Amino acid sequence: MLQRLGQNVNLAGASLFFHIAWRERGLCLPHLDISDLLQVDWAALHGAGFRAAIFDKDNTLTVPYALELQPSAAESLARCRSHFGDAVALFSNSAGLAQFDPEGEEAAALEASLGVPVLRHSEKKPGGGVEDLVSHFGCQPHEMIMVGDRYLTDIVFGNRHGMLTVRPRPFTSEGEPVTVALARRLEAACTARWLVQGHAAPSHPFLKGQASGAFLLQ
Ligand SMILES: [Mg+2]
């Protein structure tokens, strides 16, 4: 119970979010904000030069705490792997995080269940560096795509390191703790306002002036 509470209180992340909120609001804004992962055109992304895809787990590929992929996520992930091969991995703030999964047991169970490598790391998103990802994938951060449902964690992490960021709508709010539900509402309100104010996701070299919508299936 305590461990689960700890997974949901991300003070370092929250303070970074507010710090960014005053200075670099674009870091919280994804390049692609979509309702469903099936909209992503993985072939176009690979063709543009991207070489690795990193996925959050809860409410991105599965419902929270589940081990089974949601059907649309499973199909999109399969399409992604058909273009990116082995350069696809899961990067979670629970499984594989040393603080909550020191022996990597949860990570191993997930790998067996989802068939995707789970990266082991010691700092929660959006904190932490990118060196482990660079050595795992053998490519540079701007060649990576970060996919996750949370502006505060997944999107800020990816944008901080110069990745392309993709935010699918979460599957459900069911079973989510109050802390996460509140954080979500706050993030959604802030990011909607910043978009209206004219803020945008950071520029990315592979976008080459074209709209990020070029990476969506029509
Ligand atoms: Mg998530």
Side-chain angles (χ1 to χ4, degrees), residues 3-14 16-17 20 27-40 52-77 80 88-101 106-107 109-111 113-114 116-128 130 133 144-161 163-191 201:
Q3 187 187 59
R4 189 161 281 194
L5 181 68
Q7 282 178 14
N8 298 319
V9 177
N10 188 344
L11 290 178
L16 184 60
F17 182 78
I20 285 170
L27 286 187
C28 306
L29 301 175
H31 296 92
L32 296 175
D33 205 342
I34 55 180
S35 57
D36 194 302
L37 274 184
L38 281 173
Q39 292 171 261
V40 178
I54 304 152
F55 288 84
D56 168 55
K57 175 188 166 286
D58 287 342
N59 260 328
T60 297
L61 293 177
T62 72
V63 297
Y65 308 113
L67 287 178
E68 305 80 33
L69 295 167
Q70 286 294 289
S72 61
E75 190 174 339
S76 185
L77 188 62
C80 175
V88 177
L90 205 141
F91 193 56
S92 162
N93 266 356
S94 52
L97 181 70
Q99 184 184 353
F100 300 116
D101 188 21
E106 200 176 325
L110 258 184
E111 284 171 340
S113 172
L114 305 184
V116 180
V118 177
L119 299 171
R120 303 334 194 238
H121 60 114
S122 56
E123 279 191 76
K124 273 187 169 184
K125 296 170 284 185
V130 78
L133 297 174
M144 300 176 190
I145 303 161
M146 178 72 220
V147 184
D149 66 297
R150 290 286 304 277
Y151 297 102
L152 164 64
T153 56
D154 309 304
I155 302 309
V156 170
F157 177 80
N159 283 341
R160 273 182 66 215
H161 296 297
M163 301 175 192
L164 189 88
T165 49
V166 180
R167 188 234 172 217
R169 190 188 297 161
F171 297 117
T172 178
S173 57
E174 237 169 76
E176 274 195 333
V178 179
T179 49
V180 171
L182 285 174
R184 254 188 214 293
R185 253 189 267 170
L186 183 63
E187 288 166 40
C190 288
T191 52

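Every value quoted in this text rests on a predicted model; they were computed, and no experiment measured them. First listed ligand is number 1; within each ligand, the first listed atom is number 1. In what follows, residues are counted from 1 in the order of the sequence shown.
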*Would you call E68 and K57 a salt bridge, taking side-chain N to carboxylate O under 4.0 Å as the test?*
no

*Pair R150 + D58, salt bridge at N-O below 4.0 Å*: no

*Answer with yes or no whether the side chains of S35 and Q39 bring together a donor and an acceptor at under 3.5 Å.*
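Yes, S35 and Q39 have a side-chain donor paired with an acceptor closer than 3.5 Å.
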
*Taking atom types as modelled, is there a side-chain donor on D33 or Y151 under 3.5 Å from an acceptor on the other?*
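D33 vs Y151: donor-acceptor pair found between side chains.
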
*Protein N, O or S atoms less than 2.8 Å from the Mg ion (ligand 1), ignoring waters?*
D56 OD2, D58 O, D149 OD1

*Which residues satisfy the side-chain hydrogen bond (donor to acceptor under 3.5 Å, both in side chains) test with D56, sequence neighbours excluded?*
T60, K125

*Give a yes or no answer on whether the side chain of D36 reaches the backbone of S72 with a donor-acceptor pair at less than 3.5 Å.*
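Here the side-chain-to-backbone pair does not exist.
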
